[in-house]
Amino acid sequence: MSTRLARMMFALAAASATTVAAEPVQFSGAAALEFTSKAVAFGQRPAGSAAIRKLQTFIAAQLKPLGCEVSEDSFEASTPIGPVAMKNIIARFRGTSGQSVAITGHYDTKKIPGVTFVGANDGGSSTGFLLELARVVSRMPHKNDIYLVWLDGEEAFGEWSDTNGTFGSRHLAAKWRADGTLLRLKALINVDMIGDRDLTLLNDGNSTEWLRHMVWDTAAQLGLNQHFASEPGSVLDDHMPFIQAGVSSVDLIDFDYGPQNAWWHTGRDTMDKLGAASFQVVGDVVLATLRRLER
Ligand SMILES: [Zn+2]
């Protein structure tokens with residue numbers, strides 16, 4: 001290779017590197033909605049079903065080209081309907097700070113006898129949101145390790161209790177406690193039911209106060225606080241096993257889905273209720289919060 005050609009190639013490479021750096025990657029609410037639609041197209045996706053296994057393959061295929069480390073936390077859950085095979089899917093985007101943050105959400109849907117429940121918002125929206133977030137995180141600079149986790153088995157088989165539901169998050173919190181991952185985890189943000197066109201996120205009193213304040217304050221700075229409730233509420237969700245393990249965690253959930261939450265856990269939880277703008281709000285606030293957590 002001639003020196004002149006080598007210089008030209010170096011100049012071209014430098015120019016293209018500059019171009020990439022000059023375009024900050026943006027979260028797309030429309031893309032998150034599209035990913036959600038693809039997840040929902042697999043049909044009812046309860047833990048252990050053939051449909052959720054197809055969705056697991058789909059999620060893994062989306063992550064493959066992103067250059068992250070993908071691992072699976074597989075286990076057999078003891079449920080009221082017997083043992084059920086479950087699997088959390090974990091994508092790790094390495095940083096350099098030695099600390100980490102996690103964004104989690106469930107990808108299973110509730111098994112409801114006699115109801116065709118596709119969980120567009122409940123199970124679908126968190127799945128699609130995390131897939132779009134993965135695309136963004138793979139292309140943005142960050143110092144913390146960023147874990148994106150698709151949790152299995154959030155839904156109870158029948159009536160919710162301390163031991164029926166949150167199977168995946170309880171398993172992962174125990175695993176991460178045992179292997180030391182929790183010691184480096186400075187914050188965890190769980191998303192659930194964040195696709196409702198009429199988006200109001202619950203101000204959850206079970207979440208860690210400083211982290212909840214950081215998220216709400218970030219939303220206010222972005223002019224998005226109309227979607228973040230000011231009156232206090234509380235909810236039990238996949239953040240709880242991490243809270244109980246001592247991890248600062250916040251749950252972002254819109255638990256006001258349809259009139260008096262009437263679309264929740266019914267056949268009416270379908271794609272037509274969701275809007276790209278809601279995914280955009282949550283994506284923008286979560287990414288801005290991740291930037292604050294870098295400091
Ligand atoms: Zn649910």
Side-chain angles (χ1 to χ4, degrees), residues 32 35-37 39-49 51-52 55-56 59 77 79-81 84 86-89 103-131 149-173 189-202 204 206-207 233-243 249-274 278-279 282:
F35 277 128
T36 301
S37 160
V40 170
F42 287 101
Q44 306 184 70
R45 309 170 302 284
S49 64
I52 202 170
L55 177 56
Q56 287 159 359
I59 292 170
T79 83
I81 63 161
V84 176
M86 297 191 187
K87 183 187 285 185
N88 299 317
I89 301 172
I103 319 297
T104 61
H106 77 96
Y107 72 101
D108 64 309
T109 57
K110 186 168 175 65
K111 190 185 185 82
I112 310 175
V115 178
T116 302
F117 180 71
V118 297
N121 197 23
D122 191 359
S125 67
S126 32
T127 306
F129 175 85
L130 288 172
L131 285 171
V149 185
W150 287 259
L151 293 166
D152 203 348
E154 186 270 344
E155 299 289 3
F157 293 85
E159 197 80 0
W160 174 283
S161 76
D162 284 351
T163 54
N164 188 12
T166 63
F167 293 98
S169 50
R170 284 188 282 130
H171 193 269
L172 186 63
I189 301 172
N190 186 66
V191 296
D192 194 3
M193 299 174 72
I194 42 87
D196 185 1
R197 283 175 195 276
D198 175 18
L199 184 72
T200 307
L201 298 170
L202 184 91
D204 171 43
N206 291 331
S207 295
S234 71
V235 67
L236 300 175
D237 205 348
D238 278 324
H239 60 319
M240 294 309 293
F242 296 96
I243 295 261
S249 310
V250 65
D251 193 34
L252 301 182
I253 183 169
D254 179 346
F255 207 49
D256 182 20
Y257 186 38
Q260 277 82 51
N261 208 21
W263 300 338
W264 176 59
H265 287 179
T266 72
R268 284 181 286 175
D269 183 359
T270 45
M271 283 305 297
D272 55 296
K273 312 300 191 305
L274 311 189
S278 300
F279 288 91
V282 180

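Below, all heavy atoms of this structure are taken into account, side chains as well, without hydrogens, waters or symmetry copies. Quick caveat, the model's predicted, so the values are computed rather than measured. Here, residue 1 is the first one in the sequence, and each next residue gets the next number. Atoms within a ligand are numbered from 1 in the order they appear, just like the ligands themselves.
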(message) Nearest 0.5 Å, please: how far is CD1 in Ile194 from CG in Asp122?
(response) 11.0 Å
(request) Please state whether the separation between the Zn ion (ligand 1) and some N/O/S atom of Asp122 is under 2.8 Å? (result) yes
(message) Within 2.8 Å of the Zn ion (ligand 1), is there any N, O or S atom belonging to His265?
(response) yes
(message) With carbon and hydrogen excluded and only N/O/S kept, which atom of Glu155 is nearest the Zn ion (ligand 1)?
(response)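 That would be atom OE2.
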(message) Within the 3.5 Å criterion, strictly below it, is a donor on Asp251 or Asn190 matched to an acceptor on the partner's side chain?
(response)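 Asn190 and Asp251 do have a side-chain donor-acceptor pair below 3.5 Å.
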(message) Checking side-chain polar atoms at under 3.5 Å, does His106 have a donor or acceptor matched by the opposite partner on Asp108?
(response)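 There is such a pair (donor and acceptor under 3.5 Å, judged by atom type) between the side chains of His106 and Asp108.
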(request) Measure from the side-chain N and O atoms of Asn121 to the backbone N and O of Asp269, and report whether any donor-acceptor pair falls under 3.5 Å. (result) no
